[in-house]
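Heads up, the thing below is written out as structure tokens.
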Protein chains: 2
Amino acid sequence: MENKHATLTAAMEDYLKAIYELQATTGTTTTTALATALNISAASATNMIKKLAELKLARHSPYRGVELTTAGEKIALEVVRHHRLIELFLHQALGIPWDEVHVEAHKLEHVLSDNLENHIADFLGDPTKDPHGDPIPSKAGIIADRERESLADGAPGARVTIQRVGAQDPARLRYLRELGIVPQARVNIVAHAPFEGPVRVRTEDGAEHALDRGLARQIWVAEKSRPKTRVHAPRKMIKGSRQ
Amino acid sequence: MENKHATLTAAMEDYLKAIYELQATTGTTTTTALATALNISAASATNMIKKLAELKLARHSPYRGVELTTAGEKIALEVVRHHRLIELFLHQALGIPWDEVHVEAHKLEHVLSDNLENHIADFLGDPTKDPHGDPIPSKAGIIADRERESLADGAPGARVTIQRVGAQDPARLRYLRELGIVPQARVNIVAHAPFEGPVRVRTEDGAEHALDRGLARQIWVAEKSRPKTRVHAPRKMIKGSRQ
DNA sequence: GTTAGAATTTAGCCAAGACTAAATTTTGAA
DNA sequence: TTCAAAATTTAGTCTTGGCTAAATTCTAAC
Ligand SMILES: [Mn+2]
Ligand SMILES: [Mn+2]
Ligand SMILES: [Mn+2]
Ligand SMILES: [Mn+2]
């Protein structure tokens, strides 16, 4: 049973992951979008796309875009699994705040052996969500569906449970944490200001906050509050606590 | 306060560490020894030595050998610190056996941020020894002296405490673990067979074992038993337990 | 003191993955 | 329908860190 991709470079893994995520969020993957996501030039992206196509991990339609083959998607999901397991592990085992784990996981994901991956999954009890609420693909490559409703979609008056926070920017993540807007928190949608204005929500502590519409669109919710395993480490500080 | 070496590659870090360790154990670092240690060709070693010399991290005397500059040694010690902190963390936090941690740490050591390093050191309570008993350099680059007496040196009849196990080979490490020959264990030296024959020792459980002289020379001891913080995670299995 | 063999360095090559500049293709507005 | 701008690909270059083969230097046995 040969391992076909034991030999992929970190760069290739990042490309596969980025293509996967662009495909999952925006539907397609253009060369420019990929280059932007990876902060490289479009020429570099084309170059790697052709290599991945050569390896049968992606299909390239020149001038039209890329998509992953089944083999490519499988590897992308393994990298995503690594990334999210690491994020959760750093958060749970070391108490590293949710706005700091992404940058660490981005490097560690490429040097995680199968052995270490298993130990971590074991330690965490085979978790299904990372600290941002993103689903962790199973070892077999099964991943939960994306939520379809954001805080910007919920009707005023709705009582929702935060499922996933799509924002990546550390400053925004710290801000949301301070407000108590983290996975599994309950919030009431108070109102949507007109002309794409802010979304007013009331958090569990009774406080009301106005969130930028763009930010609200990155916060995914469920109408019914389904209780889930706690993902967030307990806060250590008493007040003014930054997660 | 510019960080002069934020930009060193993983390869450079491995070279610096290898030069440091050859210097510490054998006194000098020849091109061939370095190439052997890193499992590369002598030509590749020469090549990198010249780059490191260019960067003022090493001094090269053509045809004579290499040595680290103060700056190079500082970086080498940082890499060693990373390596050993990671080994201990994997052992303590995840229960990964001492024969498996080295290979993981070798990859992780190059992607450990300062932030993560600090979190880990904190978690471990600023430890001074890794699971093999190797000293962990302090943040400031201070490292404890090497032990000078091995199991092959101790006089028959001596009661010693294992300080450090220099063997790296996983099979040998598992074997020693099974015998109970781990840092902080007490053993009695029974006898040295002549003609470089095996060293007989009695372990704490009363059993007597004959160790190859070469292996005994890699096991460092202290005459006085100084009690230290426990480094080894408790065994999980009842019997036939491989650490 | 020679000199063969060991150790080391030099020369030349390769693959990965980035870049810029130029060429090509696609697209959307007039 | 045309055609300029945007998107994409091609061409050519660079750096890193490997490699082998050949040249050079060192060393030890004679
Ligand atoms: Mn990455
Ligand atoms: Mn995440
Ligand atoms: Mn290493
Ligand atoms: Mn060690």
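Every chain is numbered from 1, with letters handed out A, B, ... down the list of sequences.
- Listed by chain and number, the residues in a ring pair (Phe, Tyr, Trp, His ring centres under 6.0 Å) with B/His83 are B/His102 (sequence neighbours excluded).
- For B/Leu90 against B/Leu108, the heavy-atom pair with the smallest separation is CD1-CD1, 4.2 Å.
- Remark: B/Ala71 pairs with B/Leu57, B/Thr69 by the side chain to side chain contact (heavy atoms under 4.5 Å, CB included) rule, at least two apart or across chains.
- Atom CG of B/Leu34 is separated from atom P of C/dA7 by 15 Å (rounded to the nearest Å).
- A perpendicular orientation is assigned to the rings of B/Phe89 and B/Phe123, their planes being inclined by more than 60° (bins at 30° and 60°).
- Base contact: A/Ser44 has a heavy atom under 4.0 Å from a base atom.
- Remark: B/Tyr20 pairs with no residue by the ring pair (Phe, Tyr, Trp, His ring centres under 6.0 Å) rule, at least two apart or across chains.
- Distance, B/Leu55 CG to D/dT15 C1': 13 Å, rounded to whole Å.
- Sorted by residue number, the members of residues 58-65 of chain B with any non-hydrogen atom under 4.0 Å from DNA chain C read B/His60, B/Pro62, B/Tyr63.
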Distances under 3.5 Å between protein N/O atoms and the N/O atoms of nucleotides 11-17 of chain C, please, pair by pair.
unit_1: C/dG17; atom_1: OP1; unit_2: A/Thr9; atom_2: OG1; d: 2.1

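- For DNA chain C, no neighbouring residue in residues 20-29 of chain B is found when judged by any heavy atom under 4.0 Å.
- Among B/Leu112, B/Leu116, B/Val111, the single residue meeting the side-chain contact (heavy atoms from CB on, under 4.5 Å) criterion with A/Glu104 is B/Leu116.
- At the heavy-atom level, A/Thr31 lies under 4.0 Å from the strands shown only through sugar-phosphate atoms.
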